[in-house]
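Data block below; observations after.
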Amino acid sequence: STTYPICWGKQLPQEVIFMAWSPKRDLIALANKVGEVLLHRLANFQRLWSLPPSESTGKEVTALAWRPDGKILAFALADTKQVILCDVEKPESLHSFSVDAPITYMHWMEVTEESSVLTSFYNAEDESNLLLPKLPALPKKLNALVLGGNSGFIEIYAYGMYKIATVTGVTGSCLTLCLSSDLKSLSVITKVEVSPESEPEITYFQLDTSLLSTYLPEVTRMARKFTHISTLLQYIKLSLTCMCEAWEEILMQMDSRLTKFVQEKNTTTSVQDEFMQLLLWGKASLELQALLMNQLTVKGLKKLGQSMESSYSSIQKLVISHLQSGSEALLYHLSELKGMALWKQKYESLGLDATGIEEAITAVGSFILKANELLQVIDSSMKNFKAFFRWLYVGELKLMTQKDITFVADFLTEHFNEAPELYNRKGKYFNVERVGQYLKDEDDDLVSPPNTEGNQWFNFLQNSNHLKESPLLFPYYPQKSLHFVKRRMEGIIDQCLQKPAVSIRSEDPTSQLFKLPFLWNDKSSNLHYVLFTMLESSISKIYILRRHTDTSRSADNGLLAVDFGNFLNSSINENSGTSCYSCLDAHFYDDETITVILAENSEQEGKERILAQLPLSSVYTEENRGLEFSWNSSQRLDMQCEDIPTQSVTIEGQWRVLENMKAQYVAVNGIRKVSCVVSIPWTDFAFDPLTGWFVVLKILDDFFSNQER
């Protein structure tokens, strides 16, 4: 056998339960038992980042999957029933969504089916870029994230964000699944608990998803539109967060200066009354004089005024540049989506509903109206604010106009109401309630709603039943906050996003009994492979089931057994002539090779574990090309194992003994030419079969001497 040098060892504090190689880079994602997700570089196992568990996202990671371009990592959490999409560059959630059942397996694949229509669509320039703010770039080719969970839960999400299909009629928990790259079929393996006393039944399905393949250009267009819409909703949410922070800054700027004044003053008059007396009678209390002389000096007033004006301007710019532009972009994409929904010949079978989209458009229109209303309130508040600071700065009313004095009085009335409960004690002595009430995430009505008296257009609408209920006009909610209207808009759009999902009905499966299920999609040959072993019926065999992705076509050698038996020569040990090996785990390394972990079947301690590469060319030979298994669908597969064609193999030079290691599981990446083995107790090994590099990620026991390391 070949000698593989060990390049390094690394201790990890927690047990690793999931691992996934990046498809494009030398990165491996790990999830441990405490719910932490980590990203490591292969070289020296350098940690790039870690995402700790939290109460909001969850603490029980149950699955990992990479986007095919390697830029996004998806992981599922069982305790919160959430799926999180995370940027590979930094541990930040880019997108998250909730599902109906805990996820047990995820598969993310790229669609390779090409057509002239789809190619022209990929190459065409998106006209929205000429009119709207630039959105984050999506991969040109469609990719699909397939989620499998408990209670037969299976859903397919385009770009990992937009649900395009739901599978119904499946029983049991999903062990593994694989969607073909041509979108024609979905292979699923589930585990069904029949009774507590008996072994669970493992069943295999191949579901026909050709509807998605037939309408691939339409599915791609819909997916891109809905992904843009989801991104814009996140964009609006972040903009509102920034507005709330700017609002807090205004509160704290004045509050920090008024706190000492309120604590020192002996009178029972409020801050508002103190300033109002100064405005009306030109007299100030000793405490207010001290405030004006020490805290609100000419220099201090100028600095404070500029700071508060900057905060007001920030809110105003966020409304104009972000809220308005984001909501107008939403309106644009939803209007295009409505046009697609009206093309029933193309999109009706995909579940696109024009009525739901119309409701979403109306909700966005209401949000735009509320954002414009906030702009008017900000403009009015800024006029009052500037007049107040000008009065303090000038110090003489005779230098101010009557309009300015009115602005000052309005400013004092609006902003100097003591409200200890306001915004977690921020703004206790100074509040910006007239603006802030729009930013509160509450269902309560506005404290100071806009004055609609004298508004001829508003009165005209209220007195006209036909116009008031007209679908051509967006509903207006004068008593509600911007946050309330935003949440209402998000709820309606979310319902709209859920509707266009193809329902795929599973056929009644044939109950089979096997373990070690692993699925693989051969994109070049359009084949699904399933690797599995029988329970105790033939311990030295691994079975390879292959099906064509087009369910109407059959594949040669649909089911074969590979007998390892005594496949090694006597160079391993003296007893190799009588040794027999069984398969513990197997994964496709690439379309032509299978990586297997074999265990010696012997009674002695220290059973050998072997890591080997099995070429498919040694399995599918000219001699067995015509051998076909006659499948009796009414009978369990383990009862028919004697009739399955068997191929004995000999592996020469493509194996190594994993000395002193209780290897159990393997993860591979043929693109990066690396494999990773999980050993018991809780030790990880990474191995490059081509270059001979062998990596050890040691967690507990020291299996190697210093010389070996």
Side-chain angles (χ1 to χ4, degrees), residues 51 54-58 72 74 77 80 82-87 90-99 128 132-138 157 159-163 224-249 311 314-334 337 359-375 378 423-424 435-444 474 477 480-498:
L51 192 64
S54 68
E55 295 292 340
S56 58
T57 56
I72 290 179
L77 299 129
T80 56
Q82 278 193 318
V83 176
I84 310 292
L85 305 187
C86 190
D87 190 353
K90 50 190 174 182
E92 291 182 0
S93 172
L94 296 177
H95 181 71
S96 64
F97 57 91
S98 299
V99 290
S128 64
L132 304 173
K134 192 173 181 180
L135 294 170
L138 289 170
Y157 288 79
Y159 300 111
M161 299 174 71
Y162 161 55
K163 185 165 65 176
R224 294 181 80 88
K225 281 295 173 192
F226 274 85
T227 305
H228 284 326
I229 290 168
S230 297
T231 305
L232 285 167
L233 287 174
Q234 186 72 12
Y235 179 75
I236 290 172
K237 183 179 179 180
L238 290 174
S239 301
L240 270 172
T241 302
C242 293
M243 290 169 62
C244 291
E245 291 173 355
W247 175 47
E248 287 185 53
E249 183 64 25
S311 297
S314 295
I315 298 177
Q316 194 174 42
K317 288 175 182 176
L318 283 167
V319 175
I320 296 172
S321 303
H322 295 72
L323 282 192
Q324 284 190 330
S325 61
S327 52
E328 286 168 3
L330 262 180
L331 208 56
Y332 176 91
H333 288 294
L334 285 169
L337 203 59
E359 292 176 2
I361 290 174
T362 303
V364 174
S366 298
F367 180 76
I368 292 175
L369 289 177
K370 184 57 68 171
N372 289 333
E373 179 187 308
L374 176 58
L375 271 181
I378 292 173
Y423 213 80
N424 297 325
V435 173
Q437 62 181 345
Y438 286 86
L439 305 178
K440 286 184 177 181
D441 194 3
E442 299 174 355
D443 293 333
D444 296 337
F474 297 139
Y477 303 95
K480 296 298 182 181
S481 69
L482 184 68
H483 252 297
F484 175 87
V485 179
K486 191 261 300 183
R487 279 192 285 109
R488 181 180 176 277
M489 175 184 71
E490 287 176 335
I492 293 174
I493 293 179
D494 186 58
Q495 287 295 320
C496 179
L497 291 174
Q498 298 298 322

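The first residue of the sequence shown is numbered 1, and numbering continues consecutively from there. In this text, all values refer to a predicted model and were calculated from it rather than measured experimentally.
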* Should Ile493 and Leu330 count as side-chain neighbours, where that means a heavy-atom distance under 4.5 Å? -> yes

* **Value rounded to 0.5 Å, distance of CD1 in Ile72 from SG in Cys86** => 9.0 Å

* Asked: Judged by modelled atom types alone, do Tyr162 and Arg224 share a side-chain donor-acceptor pair under 3.5 Å?
  -> no

* Asked: Taking all non-hydrogen atoms of both residues, which atom of Gly160 and which atom of His95 are closest, and how far apart?
  -> O-CD2, 4.3 Å

* When rounded to the nearest 0.5 angstrom, what distance separates CG in Asp494 from CZ in Arg487? -> 14.0 Å

* To do: Under the side-chain contact (heavy atoms from CB on, under 4.5 Å) rule, what do Glu490 and Ile236 come out as? Steps first, then yes or no, please.
  => CA-CA 10 Å; Glu490 287 176 335; Ile236 290 172; over 6 Å; no

* To do: With rounding to the nearest 0.5 Å, note down the distance linking OG in Ser230 to NZ in Lys225.
  => 13.0 Å

* Structure fact -> Residue set satisfying ring pair (Phe, Tyr, Trp, His ring centres under 6.0 Å) with His483, at least two apart, ordered chain then number -> none

* Identify, with sequence neighbours excluded, every residue that meets side-chain hydrogen bond (donor to acceptor under 3.5 Å, both in side chains) alongside Ser54. => Ser56, Thr57

* To do: Could you check Leu331 against Ile361 for side-chain contact (heavy atoms from CB on, under 4.5 Å), going step by step and ending with a plain yes or no?
  => CA-CA 6 Å; Leu331 208 56; Ile361 290 174; 3.7 Å; yes

* To do: Could you grab the distance from atom CG of Leu334 to atom CD1 of Ile492, nearest 0.5 Å is fine?
  => 11.0 Å

* To do: For Tyr235 and Ser321, work out which heavy atoms get closest and say how close.
  => OH-O, 4.0 Å

Which donor-acceptor pairs under 3.5 Å do the side chains of residues 362-375 make with protein atoms, sequence neighbours left out?
{"unit_1": "Thr362", "atom_1": "OG1", "unit_2": "Glu358", "atom_2": "O", "d": "3.0"}
{"unit_1": "Ser366", "atom_1": "OG", "unit_2": "Thr362", "atom_2": "O", "d": "3.3"}
{"unit_1": "Ser366", "atom_1": "OG", "unit_2": "Pro475", "atom_2": "O", "d": "2.8"}
{"unit_1": "Lys370", "atom_1": "NZ", "unit_2": "Glu373", "atom_2": "OE1", "d": "3.4"}
{"unit_1": "Lys370", "atom_1": "NZ", "unit_2": "Glu373", "atom_2": "OE2", "d": "3.4"}
{"unit_1": "Lys370", "atom_1": "NZ", "unit_2": "Tyr477", "atom_2": "O", "d": "2.5"}
{"unit_1": "Lys370", "atom_1": "NZ", "unit_2": "Lys480", "atom_2": "O", "d": "2.8"}
{"unit_1": "Asn372", "atom_1": "OD1", "unit_2": "Gln324", "atom_2": "NE2", "d": "2.3"}
{"unit_1": "Asn372", "atom_1": "ND2", "unit_2": "Ile368", "atom_2": "O", "d": "3.3"}
{"unit_1": "Glu373", "atom_1": "OE1", "unit_2": "Tyr476", "atom_2": "OH", "d": "2.5"}
{"unit_1": "Glu373", "atom_1": "OE2", "unit_2": "Tyr438", "atom_2": "OH", "d": "2.5"}

* Asked: Are any of the side-chain heavy atoms of Thr241 and Glu245 separated by less than 4.5 Å?
  -> yes

* Asked: Is there a side-chain contact between His322 and Leu240, using heavy atoms and a 4.5 Å cut-off?
  -> no

* To do: Please round to the nearest 0.5 Å and tell me the distance separating atom CG of Asp87 and atom CG of Leu94.
  => 5.0 Å

* To do: Heavy atoms only: give me the nearest Gly326-Leu232 pair and the separation to one decimal.
  => O-CD2, 4.0 Å

* **Distance (rounded to the nearest 0.5 Å) between His228 NE2 and His333 NE2** => 5.5 Å

